[in-house]
Amino acid sequence: MRVLASLWAPVETETPYGGRVVSHEALGAVWLACGARRRRETRDGETGPRGIETMTAETRADPRLIEGRTVRFGGGDWIIRMVEAVTPGRARLSLERTR
C-alpha cells in the first residue's frame, strides 16, 4: 500500500518563563510503501500498560528523512526511529507510534 505522508520536524523553543515547548514545522510530503504493522504492549510503573505499533516503509532517499522526525498519514503520527539505505536512491524507514 502506498500513502502520501506529510513530514514534520520537532522545533524546541524556550518560553519567557524558562520552560520548554515543542512544536512541529512542516517540511513537505513523501510517498511511503508501507509494510505490515506490528503491535506490542509495554508496561511502565507510572503510566501502566500502553500499546506500541511499529512498521517499516520504503521510500525514495531524501535528506529530510532523519531519526526523530514525524510522518503523518492515516490519521496518526509515526516517529522515524531508523533510516536505512536499501539501494541507491531508496531508503527503508522504521516507524513507531504509541497508542
Side-chain angles (χ1 to χ4, degrees):
M1 168 175 83
R2 283 184 43 155
V3 296
L4 182 62
S6 57
L7 180 62
W8 298 81
V11 178
E12 189 173 306
T13 57
E14 189 171 326
T15 66
Y17 303 104
R20 309 274 295 156
V21 64
V22 177
S23 60
H24 288 83
E25 175 185 355
L27 298 177
V30 292
W31 281 100
L32 301 175
C34 298
R37 294 181 184 187
R38 292 174 296 285
R39 183 178 170 94
R40 69 179 192 266
E41 194 169 293
T42 62
R43 295 200 176 269
D44 186 358
E46 296 177 13
T47 60
R50 63 183 184 146
I52 295 177
E53 277 187 287
T54 59
M55 174 186 351
T56 58
E58 279 202 23
T59 186
R60 289 185 178 169
D62 189 328
R64 300 174 301 167
L65 295 169
I66 60 173
E67 289 88 1
R69 290 193 171 162
T70 302
V71 288
R72 290 181 180 165
F73 62 93
D77 291 354
W78 294 80
I79 297 173
I80 300 172
R81 293 296 180 201
M82 186 178 70
V83 180
E84 173 186 11
V86 179
T87 60
R90 303 292 297 171
R92 180 176 297 130
L93 306 177
S94 293
L95 305 174
E96 180 180 284
R97 77 175 176 172
T98 304
R99 296 194 133 233

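- Rounded to the nearest 0.5 angstrom, Leu65 CG and Leu32 CG are separated by 8.0 Å.
- For the atom pair CZ (Arg2) and CD (Glu58), the distance works out to 11.5 Å, reported to the nearest 0.5 Å.
- Trp31 and Phe73 fall into different hydrophobic clusters, defined by Ile, Leu, Val, Met, Phe, Trp and Tyr side-chain heavy atoms under 4.5 Å apart, directly or through other members.
- Linking ILVMFWY residues whenever their side-chain heavy atoms come closer than 4.5 Å, directly or via other members, leaves Val86 and Val83 in distinct clusters.
- Here the CZ-CD1 distance, from Arg97 to Ile52, works out to 12.5 Å after rounding to the nearest 0.5 Å.
- Taken to the nearest 0.5 Å, the CZ atom of Arg81 stands 10.5 Å off from the OG atom of Ser94.
- Proximity of Ser23 to Thr13: side-chain heavy atoms (C-beta onward) are nowhere separated by under 4.5 Å.
- Each of Met1 and Leu4 belongs to its own hydrophobic cluster when Ile, Leu, Val, Met, Phe, Trp and Tyr are linked at side-chain heavy-atom distances under 4.5 angstrom.
- Enclosure of atom CZ in Arg38 by more than 12 non-hydrogen atoms of other residues, nucleotides or ligands within 6.0 angstrom is indicated.
- Note that OG1 of Thr70 and CD1 of Ile80 are 7.5 Å apart. Values are rounded to the nearest 0.5 Å.
- Note that the CE atom of Met55 and the CG atom of Leu93 stand 10.5 Å from one another [nearest 0.5 Å].
- With a 4.5 Å cut-off on side-chain heavy atoms, Arg64 and Val30 count as touching.
- Trp8 and Ile79 are not part of a single hydrophobic cluster, where members link through side-chain heavy atoms under 4.5 Å apart.
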